[in-house]
Amino acid sequence: FLYFPETHGITFRIQISVKELLDTDVLLKLLFHLPVNYPSTLPDISVNSDQLTRAQCMDVKDKLLEQAKKHLREPMIHDLILWIQQHLKYVVKQSATVCSEKTTLSKGTSTEDSTWTLLLHLDHMRAKAKYIKTVEKWASDLRLTGRLMFMGKIILILLQGDRSNIKEYLILQKTSKVDVDSSGKKCKEKMISVLCETKVQSQHKRFQTFEVKECSTLDELQKEFETAGLTTLFSEFVPPLLK
């Protein structure tokens with residue numbers, strides 16, 4: 001167990017090895033974020049594994065959240081770990097059989113699975129090259145599109161994707177050691193603001209890729225927002241950052 005005390009609760013990582021299909025060992029990397037009012041509120045859960053696809057990891061996460069709802073208002077982490085150790089094989093098999101069914105469903109049929117936009121403001125990046133690579137990798141792994149934008153001292157991350165993936169990105173952003181402090185030691189991001197988190201409206205064009213942009217003027221920065229029809233978002237949240 002690695003404990004990370006946070007302002008808004010506690011986050012910890014657990015690695016477990018599970019005998020999965022064909023008696024192959026699967027190493028599951030589980031990250032639990034317990035809000036301050038846990039267990040009255042469900043934990044945020046992130047699942048990663050080199051042996052499973054991203055879709056399978058998302059299915060494991062969904063099943064764990066289903067189980068968590070059954071234990072609401074009582075300590076549940078130990079029960080969730082035992083449950084996934086016993087049921088991983090079934091979850092992965094089921095994931096394969098329902099995959100084709102999921103592709104036939106229209107996207108955006110529920111609030112949780114519909115496309116959302118997230119706008120973040122970072123105070124600084126000391127290890128800029130490493131930080132950029134990390135953000136690019138997370139966006140790629142979670143199938144998120146958008147922009148990482150620099151203009152003078154302003155640093156903005158604008159993301160679009162499934163709401164569950166947006167939430168998982170936020171957990172990674174807040175709990176991973178993505179930068180270095182003034183003494184050069186690796187540190188977590190503590191100077192980050194969530195400026196906006198909202199559902200993408202049908203009239204928005206949406207981003208097709210994730211790109212890093214260095215803007216020299218405010219007009220250039222605004223054009224990046226206009227790419228996805230987000231001029232209103234720009235007008236509301238960016239100009240105040242210049243004051």
Side-chain angles (χ1 to χ4, degrees), residues 6-9 11 33 35-37 41-46 58 61 107-125 128 131-132 134-176 178-179 188-243:
E6 296 289 333
T7 307
H8 302 293
T11 299
H33 174 70
V36 176
N37 50 355
T41 301
L42 293 177
D44 283 323
I45 303 173
S46 176
M58 292 301 292
K61 171 187 168 181
K107 289 187 177 179
T109 53
S110 72
T111 303
E112 190 64 28
D113 295 330
S114 58
T115 303
W116 280 62
T117 294
L118 174 71
L119 179 60
L120 301 173
H121 174 234
L122 300 183
D123 185 72
H124 62 268
M125 283 185 183
K128 186 174 178 179
Y131 206 131
I132 290 174
T134 301
V135 172
E136 287 178 322
K137 182 179 186 305
W138 288 344
S140 174
D141 288 348
L142 294 168
R143 300 189 298 279
L144 300 175
T145 58
R147 298 287 187 268
L148 169 54
M149 297 168 286
F150 299 88
M151 194 208 77
K153 293 184 178 181
I154 292 178
I155 306 170
L156 298 171
I157 301 177
L158 184 56
L159 297 170
Q160 290 182 329
D162 288 349
R163 192 179 188 191
S164 57
N165 288 6
I166 289 282
K167 285 183 176 181
E168 189 163 349
Y169 177 92
L170 269 174
I171 293 174
L172 290 169
Q173 180 77 61
K174 292 177 180 178
T175 60
S176 303
V178 289
D179 207 0
K188 286 181 281 185
E189 181 58 72
K190 295 176 182 176
M191 303 288 286
I192 185 170
S193 303
V194 178
L195 299 181
C196 181
E197 188 176 356
T198 183
K199 187 176 179 181
V200 172
Q201 303 303 313
S202 57
Q203 68 267 26
H204 292 167
K205 302 172 191 175
R206 295 195 44 194
F207 292 112
Q208 299 302 310
T209 58
F210 181 83
E211 299 175 25
V212 179
K213 296 285 184 175
E214 296 272 1
C215 303
S216 55
T217 66
L218 196 60
D219 285 342
E220 286 182 26
L221 188 62
Q222 184 171 342
K223 284 177 183 177
E224 296 304 327
F225 283 78
E226 289 174 353
T227 301
L230 298 173
T231 308
T232 304
L233 192 73
F234 172 87
S235 301
E236 184 174 354
F237 294 103
V238 179
L241 299 175
L242 298 171
K243 295 177 181 178

Just do the side chain to side chain contact (heavy atoms under 4.5 Å, CB included) check on L120 and L195 with the steps written out, would you?
CA-CA 6 Å; L120 301 173; L195 299 181; over 6 Å; no
| said: Before you tell me yes or no, could you show the steps for F150 and L122 under side chain to side chain contact (heavy atoms under 4.5 Å, CB included), namely the whole-Å CA-CA distance, both residues' side-chain angles and the distance that decides it to 0.1 Å? | reply: CA-CA 10 Å; F150 299 88; L122 300 183; over 6 Å; no
Check against side chain to side chain contact (heavy atoms under 4.5 Å, CB included), Q173 and I157
CA-CA 11 Å; Q173 180 77 61; I157 301 177; 3.8 Å; yes
Exercise for the section: List the steps and the verdict of side chain to side chain contact (heavy atoms under 4.5 Å, CB included) for L158 and L118. Expected result: CA-CA 6 Å; L158 184 56; L118 174 71; over 6 Å; no
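Taking the salt bridge (charged side-chain N to carboxylate O under 4.0 Å, His left out) definition, one finds that K213 meets it with E211, sequence neighbours left out. For T232, there are no side chain to side chain donor-acceptor pair (under 3.5 Å) partners, not counting sequence neighbours. With sequence neighbours excluded, the residues satisfying side chain to side chain donor-acceptor pair (under 3.5 Å) with N37 are T41. Not counting sequence neighbours, the partners of K137 by the side chain to side chain donor-acceptor pair (under 3.5 Å) test are D141.
Considering L221, T217, L156 as possible partners of M151, the one that fulfils the side-chain contact (heavy atoms from CB on, under 4.5 Å) test is L221. Here the options are L159, I166, L233, the test is side-chain contact (heavy atoms from CB on, under 4.5 Å), and the partner is T117; only L233 passes.
Applying the side chain to side chain donor-acceptor pair (under 3.5 Å) test to residues at least two apart or on different chains, the pairs with a partner in residues 144-153 are R147-E224. Annotation: ring pair (Phe, Tyr, Trp, His ring centres under 6.0 Å) contacts involving residues 206-225, sequence neighbours excluded, comprise F225-F234.
For the pair L148/I132, a side-chain contact is recorded, criterion being any heavy-atom separation below 4.5 Å from C-beta on. K199 places none of its side-chain heavy atoms less than 4.5 Å from the side chain of T115. No side-chain heavy atom of I171 sits under 4.5 Å from any side-chain heavy atom of K167. Using a 4.5 Å heavy-atom cutoff, the side chains of L119 and F237 are in contact. Contact of the W116 side chain with the E197 side chain is registered, since non-hydrogen atoms from C-beta on lie closer than 4.5 Å. Looking only at side-chain heavy atoms (C-beta outward), L218 and V238 come within less than 4.5 Å of each other. Residues I154 and L242 form a side-chain contact, since some pair of their non-hydrogen atoms from C-beta on lies under 4.5 Å apart.
Between the side chains of H121 and S193, not a single donor N or O lies within less than 3.5 Å of an accepting N or O. With hydrogens and angles left out, the side-chain atoms of E168 and S164 include no donor and acceptor closer than 3.5 Å.
E220 contributes a side-chain N or O that, together with a main-chain N or O of S216, makes up a donor-acceptor pair within less than 3.5 Å. The main-chain N or O of E136 is never found under 3.5 Å from a side-chain atom of S140 such that the two would form a donor-acceptor pair. Side-chain atoms of N165 come within 3.5 Å of backbone N or O of L142 as a donor-acceptor pair.
When all heavy atoms are compared, the tightest approach of P35 to P43 is CD-CA, 4.0 Å.
Atoms CG and NZ, on D44 and K174 in that order, are 9.0 Å from each other to the nearest 0.5 Å. Distance check: T231 OG1 to K223 NZ gives 12.0 Å after rounding to the nearest 0.5 Å. Here the OH-CG distance, from Y169 to L144, works out to 8.5 Å after rounding to the nearest 0.5 Å.
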